[in-house]
Peer 1: 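Below are the structure tokens for one structure; questions will follow.
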Amino acid sequence: MGDPDGTTTTVAARFVVGADGAHSRVRSLAGIDFPGHPATMSAVSADVELDVVPDTIPRTIGHIAGHTRIAGGYWMMANSLMEPGADAFRVVFGIAGPALEPERVRAVDPEEVRVALAAVHGPDARLRRVRWATRFGDATRIAVTYRRGPVLLAGDAAHIHPPLGGQGLNLGVQDAMNLGWKLAAELTRAAPEGLLASYEAERRPVAESVIRSVRAQRLIMSPTPGTDAVDMRELFARIAALPEANRYLAGMVSGLDIRYPIEGPPPVGSRMPDLDLRTPDHTRVSDLQHDGAALLLDLGVAGDAVPGARHVVATTEDPQFTGRRLLVRPDGYVAWAGPSGSHPRTLDDALATWSAPHSLASGNGRLGDHCHSRG
């Protein structure tokens, strides 16, 4: 790898993780194909400040249909960043008409933003400054495999899609959380058979689901929809207003609805909520996982500590979890629950399947011991 001073450092390691973006060099060198749908459009997303805000730019947040305008050969969606005392907006725009080949490499010039604003909202839309801007396309791709030999992929190196709903950030961060502790367990020889393979088994279906969701959103949110798409958008808006549908969509977009295929009744396989706990130190679940170890949480039940997990006895006011014993993986997902309801596996079985590198968490091992570099 290249250092800032121009020198090259060679690193010898048991594994390489390609987290180097959509145009991943690691993925290319590993010979991993990246099939999918190529981009058909190029757009710009920018956070801007305006000296003068015309009436055509909404100052509140509403339905996307009310934030989109087409004029002067451009389409543009603009919404307020809701910053008190600042005329700050996020604008997303592109060329109206036939799709153009994306220009993702070229940097966004403020003059480009100024021209688009004037074309859509008139000369009164006076740009003060561009805080941040980037280009994006609507390509969707996913790697044929997340692992080839000692090479693994995560984030945009493994999957790409249009930036709708901020789902790409959630997807990449959770890839890293899922892979990190499993790779650490493998490096310290603490991993049970199949643990590292569960990375792709768990994360690939999530990426596939997000890509399907984004494709649907892209159709509904199209700034230049056909008549059928307009009718579908209006129908979807009415459905989304229903409380049950709203909860479903919120869980899907946020990633809070993820349930990994771990044997057991709910909440097994789901994310452990960050409960407010009553302990001598009065803490929360997230505070108990900073050391990267598995967590055995006794909530109002008496249970013995077990090897391979941090044991905490606490109480909570949440009736869903009161009286339960839970094994929480280092990435925050429940691997086992009892005694409420029946569970097909014992706690010992769950620990054997999802054991974590507890020696790392307790300072008895270091990841640096498993690789070295030479300049």
Side-chain angles (χ1 to χ4, degrees), residues 1-45 100-109 132-164 166-187 191 195-211 214-215 331 367-375:
M1 60 185 175
D3 292 332
D5 62 1
T7 62
T8 299
T9 301
T10 300
V11 178
R14 288 177 56 198
F15 294 98
V16 173
V17 178
D20 50 340
H23 303 284
S24 172
R25 180 69 171 157
V26 173
R27 185 186 64 234
S28 177
L29 290 173
I32 299 175
D33 290 338
F34 201 41
H37 297 275
T40 61
M41 54 82 78
S42 178
V44 171
S45 179
L100 300 177
E101 186 68 22
E103 300 180 274
R104 301 233 16 217
V105 176
R106 185 167 61 89
V108 178
D109 190 311
W132 167 90
T134 188
R135 298 186 192 279
F136 67 92
D138 59 348
T140 55
R141 298 181 181 275
I142 187 167
V144 294
T145 180
Y146 281 22
R147 180 181 181 184
R148 178 155 294 166
V151 178
L152 298 107
L153 302 177
D156 286 354
H159 40 70
I160 61 169
H161 58 80
L164 300 178
Q167 295 176 87
L169 176 60
N170 288 344
L171 198 56
V173 169
Q174 289 210 38
D175 282 352
M177 287 294 294
N178 189 289
L179 176 59
W181 68 275
K182 296 173 181 177
L183 197 55
E186 189 76 20
L187 288 169
L195 181 63
L196 192 54
S198 72
Y199 165 60
E200 180 167 0
E202 291 184 342
R203 294 304 299 164
R204 185 185 185 87
V206 176
E208 291 171 340
S209 176
V210 168
I211 286 174
V214 167
R215 285 177 182 163
D331 60 355
L367 286 178
D369 293 339
H370 302 277
C371 65
H372 65 275
S373 63
R374 57 183 183 274

Peer 1: Short question: side chain of R204, backbone of A143 - any donor-acceptor pair under 3.5 Å?
Peer 2: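 Such a contact is found between R204 side chain and A143 backbone.
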Peer 1: Determine the minimum heavy-atom distance between V214 and P162, stating which atoms define it.
Peer 2: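 In terms of heavy atoms, the two residues are closest at CG1-CD, 3.4 Å.
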Peer 1: Find out whether V144 and I32 are in side-chain contact, i.e. whether some heavy atom of one side chain is under 4.5 Å from a heavy atom of the other.
Peer 2: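 When only atoms from C-beta onward are counted, I32 and V144 do touch, with a gap below 4.5 Å.
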Peer 1: Under 6.0 Å from the six-membered ring centre of Y199 and within 45° of its axis: does the NZ or CZ of R147 meet both?
Peer 2: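 Judged by the rule, R147 and Y199 form no cation-pi pair.
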Peer 1: Inspect the contact between K182 and E186 and indicate whether a charged nitrogen and a carboxylate oxygen are less than 4.0 angstrom apart.
Peer 2: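 The answer is no: the pair does not qualify as a salt bridge.
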Peer 1: Give, for atom CG of D331 and atom CG of N178, the distance between the pair rounded to the nearest 0.5 Å.
Peer 2: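 Taking CG in D331 and CG in N178, the distance rounds to 5.5 Å.
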Peer 1: Which atoms form the tightest heavy-atom contact between A157 and G18, and what is the distance?
Peer 2: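 Shortest heavy-atom separation between A157 and G18 comes out as CB-O, 3.3 Å.
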Peer 1: Should H161 and V210 count as side-chain neighbours, where that means a heavy-atom distance under 4.5 Å?
Peer 2: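 H161 vs V210: side chains touch.
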Peer 1: Indicate the atoms forming the closest heavy-atom contact of R27 with D156, along with that distance.
Peer 2: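 What the structure gives for the nearest pair is NH1-O, 4.1 Å.
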Peer 1: With distance as the sole test, does R135 use its side chain to make a donor-acceptor pair with the main-chain N or O of A107 at under 3.5 Å?
Peer 2: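 Yes.
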Peer 1: Quick one: do D20 and R25 make a salt bridge, cutoff under 4.0 Å?
Peer 2: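 Salt bridge: no.
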Peer 1: Test side-chain contact (heavy atoms from CB on, under 4.5 Å) on L196 and L183; report intermediate values, then the result.
Peer 2: CA-CA 6 Å; L196 192 54; L183 197 55; 4.1 Å; yes
Peer 1: So, using side-chain contact (heavy atoms from CB on, under 4.5 Å) as the criterion, who are the partners of A207 when residues are at least two apart?
Peer 2: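 Residues passing side-chain contact (heavy atoms from CB on, under 4.5 Å) with A207: I142, Y146, H159, L171.
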Peer 1: Before you tell me yes or no, could you show the steps for W181 and L195 under side-chain contact (heavy atoms from CB on, under 4.5 Å), namely the whole-Å CA-CA distance, both residues' side-chain angles and the distance that decides it to 0.1 Å?
Peer 2: CA-CA 10 Å; W181 68 275; L195 181 63; 3.8 Å; yes
Peer 1: Looking at every non-hydrogen atom in both residues, tell me the closest pair between P38 and G36 and how far apart they are.
Peer 2: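 Closest pair (atom of P38, atom of G36, distance): CD-O, 3.7 Å.
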Peer 1: If every non-hydrogen atom of A30 is compared with every non-hydrogen atom of R148, which pair is closest and at what distance?
Peer 2: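 Smallest interatomic distance, heavy atoms only, reads O-CD, 3.2 Å.
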Peer 1: State the CG-CG distance between L153 and D175, to the nearest 0.5 angstrom.
Peer 2: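 Nearest 0.5 Å value for the CG-CG distance: 9.5 Å.
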Peer 1: How many angstroms lie between atom NE2 of H23 and atom CD1 of I160, to the nearest 0.5 angstrom?
Peer 2: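 Output value for this atom pair is 7.0 Å.
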Peer 1: How close do A158 and F34 get, counting heavy atoms only, and between which atoms?
Peer 2: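 The pair with the smallest heavy-atom distance is O-CE1, 3.5 Å.
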